[in-house]
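Worksheet: one structure, shown below.
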Amino acid sequence: MHEYSIVQSMLDLCEKHSKGKAVEKVAVKIGKMSGIEPHFLKESFEVFKEDTVCHDAVMEMELIDITIECQKCKEVSKVDNFNFYCPLCESGDTKVLTGQEMHIDYIVLKEDG
Ligand SMILES: [Zn+2]
């Protein structure tokens, strides 16, 4: 599944950044348009974190709203229900600004290793 490979690369990143210390918390940002199911991601994390520096870590997720910029009137707005039309001038010529991303926001390491 998609989420598994994401978790694997997340754990690789944690391994790299932790320098041997145990990880306490992994905070991730998930765009609502990223195609990632937050609860699948969390489940996968719980399964794969065993035997890694993240074995005691909790995952904190923040969902990022979808925002678009109208290419006609430059209005920036939030997208609800996947309606990508500009609410101001009703143009369909819009560019997605946020909501497609998925990345680690920050990692908290345990002080005593
Ligand atoms: Zn517009």
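Throughout, residue positions are numbered sequentially from 1 according to the sequence presented. Order of appearance sets the numbers: ligands from 1, and atoms from 1 within every ligand.
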Nearest 0.5 angstrom please: M102 CE to I6 CD1, how far? 6.0 Å
Are side-chain heavy atoms of Y106 and K25 found at a separation under 4.5 Å? yes
Are the side chain of S91 and the backbone of C73 linked by a donor-acceptor contact shorter than 3.5 Å? no
Using a cut-off of 2.8 Å, find all protein N, O or S atoms closer to the Zn ion (ligand 1) than that distance. C70 SG, C73 SG, C86 SG, C89 SG
Please answer whether the main-chain N or O of N83 pairs with a side-chain N or O of N81 as donor and acceptor at a distance below 3.5 Å. no
Note: S44 and E3 closest approach over all heavy atoms is OG-CB, 3.8 Å
Listing, residues 49-58 side-chain donor-acceptor contacts under 3.5 Å, not counting sequence neighbours, or none:
unit_1 : atom_1 : unit_2 : atom_2 : d
K49    : NZ     : E46    : OE1    : 3.0
K49    : NZ     : A57    : O      : 2.9
T52    : OG1    : K49    : O      : 2.7
T52    : OG1    : C54    : N      : 3.0
D56    : OD2    : K110   : NZ     : 3.1

